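A short write-up of the structure that comes next.
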Amino acid sequence: MTEIQAAPDLASATADVLVVPVLGERNWGPGGEWLAGELGDFLTDYLDELDFQGKPGSVASLPVRDRLSFKRLVLVGVGTDPDPEQIRQGAGAAGKLITRDESVATTIHQLDGPGSVLAALEGFLLSQYRFDKYRTEKKPSKLERILLIDADEAEIAPLADRARVIADAVNLARDLINEPPAAKSPNTLVEVARQIATTGDLDVTVYGPDQFEAERFGGLIGVAAGSHEPAAMIVLRHEPADPKGFIAIVGKGIVFDSGGLSLKPPSGMETMKTDMSGAAVVLATMQAIAALDVPVRVVGVTPVTENMPGGGAQRPGDVLTPRNGTTVEVLNTDAEGRLVLADALSLVAEEEPDLIVDAATLTGACPVALGEKIAGLWGNTDEAIDRVKAAASDAGEAVWHMPLPGYYRKNIDSDVADIKNTGTRYGGSINAALFLKEFVGEVPWAHLDIAGPARWPDDEHYQVKGGSGFGVRTLVKLIEQAGE
Ligand code: BES
Ligand code: MN
Ligand code: ZN
């Protein structure tokens with residue numbers, strides 16, 4: 001576990017690396033004046049040599065071993081008036097340069113009030129992540145200690161705990177998403193859920209294939225039919241005494257999406273081990289809110305299965321009946337996420353929570369519209385949308401509100417059943433959201449299509465290429481805000 005400590009000032013602090021922010025064009029952030037005084041021309045000459053101006057996201061690393069009580073100085077550009085997310089990103093960018101060091105001291109948390117302490121710590125912790133399990137040569141981060149300069153030990157202690165809880169949860173989601181498909185059968189995710197429940201004192205119920213008929217999980221039955229792996233519906237509950245509200249979170253858990261009989265082309269399958277990112281986000285969020293003891297009642301539900309084209313697979317043209325009784329014509333077995341979510345959403349809607357939020361790698365059309373780093377947000381009430389938007393903004397995750405027009409509803413009209421699981425070619429993500437809406441009744445609901453950001457396309461700031469855990473920070477924030 002990375003220790004997080006406070007030190008009174010730079011002059012008395014010692015660490016392997018010192019990280020100091022630069023605001024815009026060589027405009028010193030906290031600690032910069034002291035550095036300039038200590039290092040004089042050495043600093044300006046070196047930065048001239050590197051042509052380092054401090055543009056947002058840029059970093060410079062300088063050896064200062066004989067000049068300061070640090071071995072290296074890392075300067076990071078954070079922009080002229082950084083918000084917590086810019087601080088998180090700055091700490092992350094610097095963090096990428098210190099994975100082989102044991103300790104770091106920093107002033108970056110001094111930039112923008114209490115939110116910046118948390119953001120800085122999250123940025124450092126998240127940037128240390130590696131998925132090394134399957135490499136013969138492992139290079140784990142050596143970082144053991146983060147020293148916050150000019151901070152108060154008692155004040156930062158709760159923030160340090162919180163940052164560790166968030167980073168652990170995000171890293172759990174990243175691990176699950178990055179795991180190869182054969183190593184994360186539905187049953188493996190069930191085991192993870194049980195472990196989270198035991199550690200966090202959560203209630204857990206797992207419905208297995210024998211119960212699907214009685215529970216009327218028609219969507220899950222249809223999608224699971226082509227796979228040898230037994231599917232499951234996982235239900236985790238956080239039940240504090242005197243809860244301040246009741247939130248349901250639902251995550252798509254397709255451990256591998258081959259497309260089923262509507263088989264994907266090979267390139268389309270390359271990343272489909274990540275099609276359980278919504279489930280990973282829900283499990284990780286439940287772990288975090290249990291650890292934080294948030295005074296809100298939360299139910300976390302995730303249908304987990306594989307979408308395969310085995311001999312028993314559902315066929316285009318089959319009709320399924322998810323739990324709320326709406327009949328669904330399956331025209332494309334690759335639109336499977338909405339089928340399993342139909343059961344999960346129906347199930348939680350029966351409990352009439354204050355708000356349902358689902359997270360799903362639902363449509364390839366969503367990253368076409370928004371790019372890979374922004375999630376699509378849909379909802380059936382303005383308040384549901386605003387709550388998720390506010391939580392995402394506070395958590396530093398990018399979401400964009402998308403329309404849910406009633407006049408597109410006919411896109412999912414079926415010739416033989418109540419609705420079909422495909423729509424028109426255009427507006428594919430909207431059609432999928434309109435499909436989900438059929439299963440939440442009158443309960444306030446928001447839907448996050450994380451098909452893009454669930455998998456980060458490159459190494460940047462605190463993100464590491466691969467499973468990102470996108471959504472965990474937003475859902476934890478949303479649940480905490482429900483308790484305020
Ligand atoms: N899991 C995919 C969506 C996806 C695609 C996520 C690419 C991330 C990257 C989903 O199950 C799917 O296949 N959706 C289809 C729906 C279509 C058949 C209506 C799609 O997006 O093509
Ligand atoms: Mn699919
Ligand atoms: Zn899918």
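Note that these values count all heavy atoms, side chains included, but never hydrogens, waters or copies made by symmetry. All ligand and atom numbering here is 1-based and tracks the order in the structure. Index from 1, following the sequence. Nothing here was measured: the structure is a model prediction, and the numbers come from that model.
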Exercise. Looking at ligand 1, does any of its N/O atoms fall within less than 3.5 Å of an N/O of Thr271?
Worked result: no
Problem set entry | Presence of salt bridge, Glu336 and Lys252, under 4.0 angstrom | yes
Exercise. Is it true that atom CD of Glu383 has more than 12 heavy atoms of other residues, nucleotides or ligands lying nearer than 6.0 Å?
Worked result: no
Exercise. Hey, does Asp275 come in under 3.5 Å of ligand 1, counting only N/O atoms on both sides?
Worked result: yes
Exercise. If we ignore angles and hydrogens, is there a donor and acceptor under 3.5 Å between the side chains of Asn187 and Ser185?
Worked result: no
Exercise. With respect to the Zn ion (ligand 3), what is the nearest N, O or S atom of Asp275?
Worked result: OD2
Exercise. Identify the closest protein heavy atom to atom 17 (C) of ligand 1: which residue and atom is it, and at what distance?
Worked result: Ala335 CB, 4.3 Å
Exercise. Below 2.8 Å, any N, O or S contact between Lys252 and the Zn ion (ligand 3)?
Worked result: yes
Problem set entry | N/O/S from Asp275 sitting under 2.8 Å away from the Mn ion (ligand 2) | no
Exercise. Is it true that a side-chain atom of Arg88 and a backbone atom of Tyr462 form a donor plus acceptor pair closer than 3.5 Å?
Worked result: no
Exercise. Between Arg323 and Glu215, is there a donor-acceptor pair closer than 3.5 Å when you use the side chain of the first and the backbone of the second?
Worked result: yes
Exercise. Any idea which protein heavy atom is nearest atom 12 (C) of ligand 1, and the distance to it?
Worked result: Asp334 O, 3.1 Å
For this session: Flag Thr422 as yes when one of its N or O atoms lies below 3.5 Å from any N or O atom of ligand 1, and as no otherwise.
Result: no
Exercise. Mind checking whether the Zn ion (ligand 3) has an N, O or S of Asp257 under 2.8 Å?
Worked result: yes
Seminar exercise, completed: Per residue Glu336, nearest N, O or S atom to the Zn ion (ligand 3) is named OE2
For this session: Could you label the plane-to-plane angle of the Trp456 and Phe470 rings as parallel, tilted or perpendicular, counting under 30° as parallel and over 60° as perpendicular?
Result: parallel
Problem set entry | ligand 1-proximal atoms of Arg455, by part, heavy-atom distance under 4.0 Å | neither
Exercise. Ignoring hydrogens and geometry, is there a side-chain-to-backbone donor-acceptor pair from Arg174 to Leu126 under 3.5 Å?
Worked result: yes
Exercise. Considering all protein heavy atoms, does one lie under 4.0 Å from atom 22 (O) of ligand 1?
Worked result: no
For this session: Say whether Arg338, considering both its backbone and side-chain N or O atoms, lies within less than 3.5 Å of an N or O atom on ligand 1.
Result: no
Problem set entry | Which of the ligand 1 atoms, numbered from 1, are nearer than 4.0 Å to a heavy atom of Gly364 | 3 (C), 4 (C), 5 (C), 7 (C), 20 (C), 21 (O)
Exercise. What do we get for Asp257 next to ligand 1 when only non-hydrogen atoms under 4.0 Å count, side chain, backbone, both or neither?
Worked result: side chain
Exercise. Would a distance-only check, ignoring hydrogens and angles, find a side-chain to backbone donor-acceptor pair under 3.5 Å from Ser127 to Phe124?
Worked result: yes
Problem set entry | Heavy-atom pair with the smallest gap, counting every atom of Thr274 and Thr271 | OG1-O, 2.6 Å
Problem set entry | Atom name, Asp257 (N, O or S, nearest to the Mn ion (ligand 2)) | OD2
For this session: Could you tell me the angle subtended at the Mn ion (ligand 2) by OE1 of Glu336 and O of Asp334, rounded to 10°?
Result: 70°
For this session: Any atoms of ligand 1 less than 4.0 Å from a non-hydrogen atom of Thr363? List them with their elements.
Result: 3 (C), 21 (O)
Exercise. Does a sphere of radius 6.0 Å around NZ in Lys437 hold more than 12 heavy atoms from other residues, nucleotides or ligands, not counting ones at 6.0 Å or beyond?
Worked result: no
Exercise. Looking only at heavy atoms of Met276, does any of them come nearer than 4.0 Å to an atom of ligand 1?
Worked result: no
Exercise. Any idea which atoms of ligand 1 are less than 4.0 Å away from a heavy-atom of Ala451?
Worked result: 6 (C), 8 (C)
Exercise. Should Met272 be listed as contacting ligand 1, given a heavy-atom distance under 4.0 Å as the test?
Worked result: yes
Seminar exercise, completed: The side chain to side chain donor-acceptor pair (under 3.5 Å) partner of Ser141 among Gln128, Lys96, Arg100, Arg130 is Gln128
Exercise. Should Glu336 be counted as touching ligand 1, given the test is an N or O pair under 3.5 Å?
Worked result: yes
Exercise. Is Leu362 in contact with ligand 1, taking contact as a heavy-atom separation below 4.0 Å?
Worked result: yes
Seminar exercise, completed: The atoms of ligand 1 lying under 4.0 Å from a heavy atom of Lys252, numbered in the order shown, are 1 (N), 10 (C), 11 (O)
Seminar exercise, completed: Honestly, for Met269 the part within reach of ligand 1 (heavy atoms, under 4.0 Å) is neither
Problem set entry | Those atoms of ligand 1 less than 4.0 Å from some heavy atom in Thr361 | 1 (N), 2 (C), 3 (C), 6 (C)
For this session: Spell out, as yes or no, whether a donor-acceptor pair under 3.5 Å connects the side chain of Lys138 to the backbone of Arg135.
Result: yes
For this session: With Phe131 as reference, evaluate Asn178, Asn171, Ile177 under the side chain to side chain contact (heavy atoms under 4.5 Å, CB included) test and give the passing residue.
Result: Asn178
Problem set entry | Atoms of ligand 1 close to Asn332 [distance to a heavy atom under 4.0 angstrom, numbered from 1] | 18 (C)
Exercise. Is a side-chain N or O of Asn307 found less than 3.5 angstrom from the main chain of Ser258, in a donor-acceptor match?
Worked result: no
Problem set entry | Side-chain (Arg315) to main-chain (Leu261) donor-acceptor, under 3.5 angstrom | no
Problem set entry | N/O donor-acceptor pair under 3.5 Å between Lys373 side chain and Ala398 backbone | no
